[in-house]
Amino acid sequence: MLINSRLLACVNFIQGDFLCDVGTDHALLPVYAIQKNIIQQAIACDIGKLPLESARKTVLKYQLADKIQLVLSDGLQNININSITDIMVAGMGGETIIHILKETCAGSLANKNLILQPMTKAELLRAWLYQNGYEIQKETCVPDGKFLYAILNITYSGISKNPNAREIYFGKMNLSDKNSLAYANRQYQKLCKARQGRLSAGQDITELEKLIHELEEYL
């Protein structure tokens with residue numbers, strides 16, 4: 001089976017042998033990971049019955065029903081995560097990922113490897129993670145079509161902090177990597193565009209101007 005570059009980059013962050021893929025859709029990711037012997041078993045869960053039915057068809061097609069358990073669940077609410085080593089939440093907006101983590105007992109995630117791939121509002125997600133005891137261990141950026149997506153490798157430490165501008169907007173990306181630098185520049189340009197919009201509307205730009213200047217130090 002082939003998967004796109006975004007999902008492949010997510011797979012590369014897996015560390016253990018038992019994956020829970022939240023919002024699995026067609027279950028392509030856990031099937032691929034098992035086929036490549038990256039994991040030994042998986043739980044593929046989704047909030048919707050139709051996506052879960054699509055996942056079931058994929059699992060049956062590749063004869064992996066003995067290794068992939070399908071669960072109807074809003075996030076991790078119906079999942080027993082005790083034996084799970086890795087939790088993947090990919091292809092959702094940053095606010096949705098925050099909702100899923102809020103509804104999960106943070107202490108139960110202390111020894112889990114989390115892989116998060118927000119489609120939107122990655123900066124909002126990063127800020128929330130830092131402020132709620134999560135730590136970004138690694139981060140990368142991958143192009144998929146005309147878009148650039150951030151992929152975050154997370155652990156829960158219970159130690160909260162107030163992140164700086166770089167941590168919020170660029171995360172732990174290595175800006176010597178061309179894709180990560182392109183992502184950072186896009187983030188920066190969005191803020192510059194927002195500044196221009198506020199200026200045109202006669203709004204105060206003091207805080208936004210300060211944020212932009214902080215980010216310029218890294219570009």
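Atom set for the values below is all heavy atoms of this structure, side chains included, hydrogens, waters and symmetry mates excluded.
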Looking at [X] and [Y], what are the two nearest heavy atoms and their distance?
X      : Y      : result
Ala27  : Ala55  : CB-CB, 3.6 Å
Ala150 : Glu139 : CB-OE2, 3.6 Å
Gly133 : Ser160 : N-OG, 3.4 Å
Glu123 : Gln187 : OE1-NE2, 3.3 Å
Val71  : Asn78  : CG1-O, 3.9 Å

Handout entry: Backbone of Ser54 reached by a side-chain donor or acceptor of Thr58 within 3.5 Å
Key =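 Looks like yes, one N/O pair under 3.5 Å.
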
Exercise for the section: Indicate yes or no for a side-chain donor-acceptor contact from Thr85 to the backbone of Asp17 under 3.5 Å, with no hydrogens or angles considered. Expected result: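 It does hold such a pair.
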
Practice task
Could you identify which residues cluster with Met173, counting Ile, Leu, Val, Met, Phe, Trp and Tyr as linked when any side-chain heavy atoms lie under 4.5 Å apart, either directly or through a chain of such contacts?
Solution key: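 The other cluster members (ILVMFWY side chains, heavy atoms under 4.5 Å, direct or chained) are Leu148, Ile168, Tyr169, Phe170, Leu175, Leu181, Tyr183, Tyr188, Leu191, Leu208, Leu211, Ile212, Leu215, Tyr218, Leu219.
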
Exercise for the section: Supply the members, apart from Ile205, of the Ile/Leu/Val/Met/Phe/Trp/Tyr cluster built from side-chain contacts under 4.5 Å; use none for a lone residue. Expected result: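 Members other than Ile205 - counting any ILVMFWY side chain reachable under 4.5 Å - are Leu199.
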
Problem - Qualifying side chain to side chain donor-acceptor pair (under 3.5 Å) pairs, either residue in residues 189-199, two or more places apart - result: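 Output for this query lists Arg195-Glu209.
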
Exercise for the section: State whether the number of non-hydrogen atoms from other residues, nucleotides or ligands found under 6.0 Å of Gln63 atom CD is greater than 12. Expected result: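 Counting neighbours around CD of Gln63, 12 or fewer heavy atoms of other residues, nucleotides or ligands fall under 6.0 Å, so no.
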
Handout entry: Crowding at NZ, Lys161 (>12 non-hydrogen neighbours, <6.0 Å)
Key =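 Enclosed.
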
Handout entry: Partner set under side-chain hydrogen bond (donor to acceptor under 3.5 Å, both in side chains) for Glu95, not counting sequence neighbours
Key =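 If we apply the side-chain hydrogen bond (donor to acceptor under 3.5 Å, both in side chains) test to Glu95, skipping adjacent residues, the hits are Lys121.
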
Problem - N-O pairing of Glu53 and Arg56 below 4.0 Å - result: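 The answer is yes: the pair qualifies as a salt bridge.
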
Problem - From Lys57 atom NZ to His26 atom NE2, the distance as rounded to the nearest 0.5 Å - result: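 Reported value, rounded in 0.5 Å steps: 9.0 Å.
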
Practice task
Using ring-ring contact (aromatic ring centres under 6.0 Å, His included) as the criterion, list what pairs up with Tyr134, not counting sequence neighbours.
Solution key: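 Per chain and number, Tyr134 pairs via ring-ring contact (aromatic ring centres under 6.0 Å, His included) with Trp128, Tyr156.
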
Below 3.5 Å, can you tabulate the donor-acceptor pairs from side chains in residues 105-117 to any protein atom, sequence neighbours excluded?
unit_1 : atom_1 : unit_2 : atom_2 : d
Ser108 : OG     : Cys105 : O      : 2.5
Lys112 : NZ     : Ile81  : O      : 2.7
Lys112 : NZ     : Asn82  : O      : 3.0
Lys112 : NZ     : Ile84  : O      : 2.7
Asn113 : OD1    : Gln15  : NE2    : 3.3
Asn113 : OD1    : Asn153 : ND2    : 2.7
Asn113 : ND2    : Phe13  : O      : 3.0
Asn113 : ND2    : Asp86  : OD2    : 2.6
Gln117 : OE1    : Arg6   : NH1    : 2.6
Gln117 : OE1    : Gly91  : N      : 3.0

